[in-house]
Amino acid sequence: MNEHSTNTVIHTLLNRRSIRHFAPEPIDPDIVDLLERAAQQAASSQFLNDWSTIRITDDGLKRALADIGNQDYIAQAPLLYVFVVDEHRNLAIARHAADGGTTADADSPTLNVSYRYIQGQNDATLALQSMETAANALGLGCVILGSVLNDANRLIDLLHLPELTYPVLALAIGKPAESPALKPRMPRRMQFFDNAYPGDDATILESVGEFDATLHHYYDLRHADRPVGPFSDQIAKASTDEGPLIRPVAPIAARQGFDLSR
């Protein structure tokens with residue numbers, strides 16, 4: 001065992017797992033305060049702070065998000081946040097500064113270009129990850145929810161998201177009511193490369209069979225009554241899936257004022 005593996009931060013990260021069933025208990029406000037402060041401490045590109053998060057406290061709204069995600073447990077989460085790209089606030093600040101006589105050209109913003117959209121998305125994800133890690137360290141359970149983007153248009157309407165905002169991910173938090181096995185990760189040699197990406201696909205494929213077997217064993221133990229195919233088959237299916245997982249981003253982003261062509 002690595003001498004550093006007992007470090008509490010490392011232990012939290014190495015034992016991270018998704019929790020989808022929560023005890024019906026509220027989270028102490030002091031804990032909520034800590035989680036939100038942890039999110040704010042995440043790195044931010046150029047310190048533009050171009051993300052925000054919406055706390056979902058209304059039960060009806062939770063049920064609506066559960067309907068969008070097709071996951072009932074979303075409605076049961078004691079804490080639920082939707083993290084969003086937020087250049088709207090920065091544009092408002094720029095316009096306010098321009099009104100005050102600065103040289104900011106608020107009539108020709110660059111906050112709507114693809115680079116800023118991507119950086120805002122990165123910032124929102126980093127903030128969510130910091131909040132999740134803090135929650136796990138405090139003994140809470142979390143699940144990151146990409147499923148709320150199944151219907152991004154509806155989500156935008158439900159949250160009244162203004163121009164230059166876009167939903168990224170949601171995070172459900174609560175006291176765990178389950179203790180799932182730790183899901184195995186692929187061999188590092190398939191994912192960590194020195195100095196350049198491998199020029200030969202054989203290098204990244206040589207361990208696929210090993211990982212297929214490892215993950216198949218994990219799923220057999222967890223879902224004995226519902227067999228799950230090999231990892232490579234799951235990837236192959238996702239690579240050709242034209243169902244609801246293929247979500248158009250550019251037209252919805254354009255509705256929100258972003259020009260992803262720039």
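What's counted below: heavy atoms across the whole structure, side chains too, no hydrogens, waters or symmetry copies.
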**Q.** Set of salt bridge (Lys or Arg N to Asp or Glu O under 4.0 Å) partners for Arg17, sequence neighbours left out
**A.**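 Partners of Arg17 by the salt bridge (Lys or Arg N to Asp or Glu O under 4.0 Å) criterion come out as none, since no residue qualifies.
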
Q: Output all residues satisfying salt bridge (Lys or Arg N to Asp or Glu O under 4.0 Å) with Arg185, sequence neighbours left out; order by chain, then residue number.
A: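 By the salt bridge (Lys or Arg N to Asp or Glu O under 4.0 Å) rule, Arg185 matches no residue at all.
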
Q.
Which Ile, Leu, Val, Met, Phe, Trp or Tyr residues join Phe192 in one cluster when any pair of side-chain heavy atoms under 4.5 Å counts as a link?
A. none

Q. Taking only residues two or more places apart in sequence, or in another chain, which ones meet Arg154 in a side-chain hydrogen bond (donor to acceptor under 3.5 Å, both in side chains)?
A.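 For Arg154 the side-chain hydrogen bond (donor to acceptor under 3.5 Å, both in side chains) partners, ignoring immediate neighbours, are Asp67.
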
Q: Could you tell me the separation between the CD1 atom of Ile10 and the CG atom of Asn15, rounded to the nearest 0.5 Å?
A: 11.0 Å

Would you tabulate the side-chain donor-acceptor contacts of residues 158-173 under 3.5 Å, counting partners in other chains and residues two or more places apart, or write 'none'?
from: Thr165; atom 1: OG1; to: Pro162; atom 2: O; distance (Å): 2.6
from: Thr165; atom 1: OG1; to: Gln256; atom 2: NE2; distance (Å): 3.4

Q) With distance as the sole test, does Asn136 use its side chain to make a donor-acceptor pair with the main-chain N or O of Thr133 at under 3.5 Å? A)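 The answer is no, because no donor-acceptor pair under 3.5 Å joins these two groups.
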
Quick one: side chains of residues 73-87, donor-acceptor pairs under 3.5 Å with protein atoms, not counting sequence neighbours, listed by atom name and distance.
from: Tyr73; atom 1: OH; to: Arg20; atom 2: NE; distance (Å): 3.4
from: Tyr73; atom 1: OH; to: Gln71; atom 2: NE2; distance (Å): 3.0
from: Tyr81; atom 1: OH; to: Glu36; atom 2: OE2; distance (Å): 2.6
from: Asp86; atom 1: OD1; to: His88; atom 2: N; distance (Å): 3.0
from: Asp86; atom 1: OD1; to: Arg89; atom 2: N; distance (Å): 3.1
from: Asp86; atom 1: OD2; to: Ser52; atom 2: OG; distance (Å): 2.6
from: Asp86; atom 1: OD2; to: Arg89; atom 2: NH1; distance (Å): 3.1
from: Glu87; atom 1: OE1; to: Asn90; atom 2: ND2; distance (Å): 3.0
from: Glu87; atom 1: OE2; to: Arg116; atom 2: NE; distance (Å): 3.3

Q) If you look only at pairs with a residue in residues 251-262, which of them pass as a salt bridge (charged side-chain N to carboxylate O under 4.0 Å, His left out), with sequence neighbours excluded? A) Asp157-Arg255, Asp259-Arg262

Q.
Does anything in residues 23-33 form a salt bridge (charged side-chain N to carboxylate O under 4.0 Å, His left out)? List the pairs, not counting sequence neighbours.
A.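 Those involving residues 23-33 are Glu25-Lys175, Asp33-Arg37.
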
Determine all donor-acceptor pairs shorter than 3.5 Å in which one atom belongs to a side chain in residues 117-128; sequence neighbours excluded.
from: Gln119; atom 1: OE1; to: Ser45; atom 2: OG; distance (Å): 3.3
from: Asp123; atom 1: OD1; to: Ser45; atom 2: N; distance (Å): 3.1
from: Asp123; atom 1: OD2; to: Ser44; atom 2: OG; distance (Å): 3.0
from: Asp123; atom 1: OD2; to: Ser45; atom 2: N; distance (Å): 3.1
from: Thr125; atom 1: OG1; to: Gln121; atom 2: O; distance (Å): 2.9

Q.
Is it true that, when you exclude Asn153 itself, more than 12 heavy atoms of the residues, nucleotides or ligands shown sit nearer than 6.0 Å to its CG?
A. yes

Q. Pairs in or reaching into residues 193-209: which pass side chain to side chain donor-acceptor pair (under 3.5 Å), with residues at least two apart or in two chains?
A. Arg189-Ser207

Q: Return the minimal non-hydrogen interatomic distance between Val143 and Ser18, and the atom names on each side.
A: CG2-CB, 4.1 Å

